[in-house]
Amino acid sequence: MRTIQVDDVATMIAVMEQCHECFLGVVDADGLPYVVPMCFGYADDEILLHSAPEGFLLEAVQHNPNVCITFCTPSTLIHQHPDVACSYRMKAASVICRGKVEFVPDDDLAEKMRLLDAMMDKYVKDKSFRYSEPSLRSVKVWRVRIESISCKRFGVHHPNSRKYNPEVDAV
């Protein structure tokens with residue numbers, strides 16, 4: 001089994017869409033890494049996030065807006081031979097994005113609502129939501145324009161393997 005680099009942006013986005021959460025990596029004011037799982041949305045080449053209006057994560061991002069966001073599809077344990085430990089792998093795909101956080105201005109309630117709707121659409125299709133003004137004012141809405149993106153598929157059978165399935169293993 002092998003790992004395959006994916007260069008097709010449409011495939012990368014399809015991998016992201018399979019994920020229920022992303023993992024946001026930041027560097028705090030002391031230079032220490034901090035990673036947190038978050039719900040997300042994707043629209044117009046931007047990853048959309050939201051958080052409380054204050055706290056450790058927000059302080060870290062305000063100190064350094066550069067972030068790394070990782071997505072990983074649900075994994076499945078697979079093997080080439082059940083008695084050979086080294087033949088076991090996780091079959092999954094991952095996407096890694098880098099960019100800078102921009103916060104939607106706190107008083108731009110219409111934009112906050114539009115982006116929150118885009119995030120909700122990922123999880124609940126074809127439904128309209130209402131937002132109270134106090135709720136919109138108390139949420140921090142983030143945009144991360146993707147500056148770089150990479151994708152890999154893991155646990156793909158080699159084309160010469162009898163277990164190779166082009167529909168499953170091909171990129």
Side-chain angles (χ1 to χ4, degrees), residues 3-75 90-155 171:
T3 298
I4 296 175
Q5 177 75 36
V6 176
D7 295 320
D8 176 59
V9 174
T11 301
M12 294 180 197
I13 293 167
V15 168
M16 291 168 49
E17 289 174 351
Q18 292 178 51
C19 300
H20 296 292
E21 67 277 323
C22 65
F23 296 87
L24 175 74
V26 301
V27 176
D28 71 14
D30 295 324
L32 299 172
Y34 183 74
V35 178
V36 61
M38 295 183 78
C39 292
F40 71 97
Y42 176 81
D44 303 321
D45 295 325
E46 293 181 325
I47 299 168
L48 309 172
L49 305 165
H50 72 292
S51 70
E54 56 190 35
F56 181 82
L57 179 62
L58 200 63
E59 290 171 18
V61 171
Q62 288 169 332
H63 173 74
N64 182 350
N66 295 299
V67 297
C68 179
I69 303 173
T70 301
F71 303 84
C72 190
T73 62
S75 58
M90 285 294 172
K91 183 173 184 174
S94 68
V95 171
I96 298 175
C97 300
R98 294 182 188 274
K100 286 186 177 54
V101 172
E102 294 178 14
F103 296 109
V104 174
D106 289 334
D107 60 350
D108 192 346
L109 303 184
E111 182 67 352
K112 282 184 171 185
M113 193 172 351
R114 185 181 78 79
L115 296 177
L116 289 168
D117 279 343
M119 282 187 263
M120 288 303 299
D121 188 57
K122 174 174 179 37
Y123 300 100
V124 183
K125 298 283 185 207
D126 302 320
K127 182 167 174 59
S128 296
F129 292 93
R130 294 187 315 257
Y131 303 92
S132 69
E133 185 174 331
S135 293
L136 289 171
R137 291 194 181 283
S138 68
V139 67
K140 201 67 152 169
V141 178
W142 314 26
R143 315 167 99 124
V144 179
R145 178 150 309 270
I146 297 172
E147 295 175 359
S148 70
I149 186 169
S150 63
C151 179
K152 290 188 178 180
R153 294 189 58 206
F154 307 94
V171 177

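Just so we're clear, the structure is a prediction, and the values are computed from it rather than from any experiment. Below, all heavy atoms of this structure are taken into account, side chains as well, without hydrogens, waters or symmetry copies.
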(Q) If I take atom CD from residue Glu21 and atom SG from residue Cys72, how far apart are they, to the nearest 0.5 angstrom? (A) 9.5 Å
Q | Lys152 (side chain) donor-acceptor with Ile96 (main chain) under 3.5 angstrom | A | no
Q. Should we count NE2 of His20 as having more than 12 external heavy atoms under 6.0 Å?
A. no
Q: Calculate, to the nearest 0.5 Å, the distance between atoms CD and OG belonging to Glu133 and Ser138 respectively.
A: 11.0 Å
Q. Is there a donor-acceptor pair closer than 3.5 Å between any side-chain N or O of Asp44 and the backbone N or O of Glu46?
A. no
Q. Side chains of Asp117 and Asp121: does their closest heavy-atom pair fall under 4.5 Å?
A. no
**Q.** Non-hydrogen atoms of Val141 and Met119 that approach each other most closely
**A.** CG1-CE, 4.2 Å
**Q.** Val144 side chain near Cys97 side chain, heavy-atom distance below 4.5 Å
**A.** no
Q) Taking Tyr123 for the side chain and Phe40 for the main chain, is one N or O donor matched with an acceptor at less than 3.5 Å? A) yes
Q) Mind checking whether Phe129 and Leu116 have side chains closer than 4.5 Å, heavy atoms only? A) no
Q: Identify the two heavy atoms, one from Ser75 and one from Met90, that lie closest to each other, and give their separation to 0.1 Å.
A: OG-SD, 3.7 Å
Q) With no hydrogens and no angle check, is any side-chain donor or acceptor of Lys100 less than 3.5 Å from a backbone partner on Arg145? A) no
Q: Decide yes or no for Ile47 and Met16: does some side-chain heavy atom of the first lie under 4.5 Å from some side-chain heavy atom of the second?
A: yes
**Q.** Atom pair CD/CG of Glu54 and Leu57 - distance to nearest 0.5 Å
**A.** 12.5 Å
(Q) If you define the side chain from C-beta out and look only at heavy atoms, does anything of Leu109 sit under 4.5 Å from Met113? (A) no
Q: Taking all non-hydrogen atoms of both residues into account, name the closest pair between Gln5 and Cys151 and its distance.
A: NE2-O, 3.3 Å
Q. Is the closest basic N to carboxylate O distance between Asp106 and Lys140 below 4.0 Å?
A. yes
Q.
If I compare all heavy atoms of Cys68 with all of Arg98, which pair ends up nearest, and what's the gap?
A. CB-NH1, 4.0 Å
Q. Does Asp28 reach the main-chain N or O of Asp30 with its side chain, forming a donor-acceptor pair under 3.5 Å?
A. yes
Q: Test side chain to side chain contact (heavy atoms under 4.5 Å, CB included) on Phe56 and Val26 and set out the steps.
A: CA-CA 11 Å; Phe56 181 82; Val26 301; 5.8 Å; no
Q: May I ask you to test the Val6-Val15 pair for a side-chain heavy-atom distance under 4.5 Å?
A: no
Q. Quick one: CZ on Arg114 to CG on Leu48, what's the gap to the nearest 0.5 Å?
A. 8.0 Å
Q | Crowding at CD, Glu147 (>12 non-hydrogen neighbours, <6.0 Å) | A | yes
Q.
Looking at Trp142, is its backbone amide N or carbonyl O close enough to the side chain of Glu102 to form a donor-acceptor pair, meaning the two atoms are under 3.5 Å apart?
A. no
Q) Which heavy-atom pair separates Cys22 from Leu49 by the least distance, and what is that distance? A) SG-CD2, 3.8 Å
Q.
With heavy-atom distances below 4.5 Å as the criterion, would you say the side chains of Phe71 and Met12 are in contact?
A. no
Q. Does Ser135 use its side chain to pair, donor to acceptor, with the backbone of Tyr131 at less than 3.5 Å?
A. no
Q) Any side-chain heavy atom of Val36 within less than 4.5 Å of one from Leu24? A) yes
Q) If you take all heavy atoms of Cys19 and Lys122, which pair is closest and at what distance? A) O-NZ, 2.7 Å
Q. How many angstroms lie between CD1 in Ile69 and CE in Met38, if you round to the nearest 0.5 Å?
A. 8.5 Å
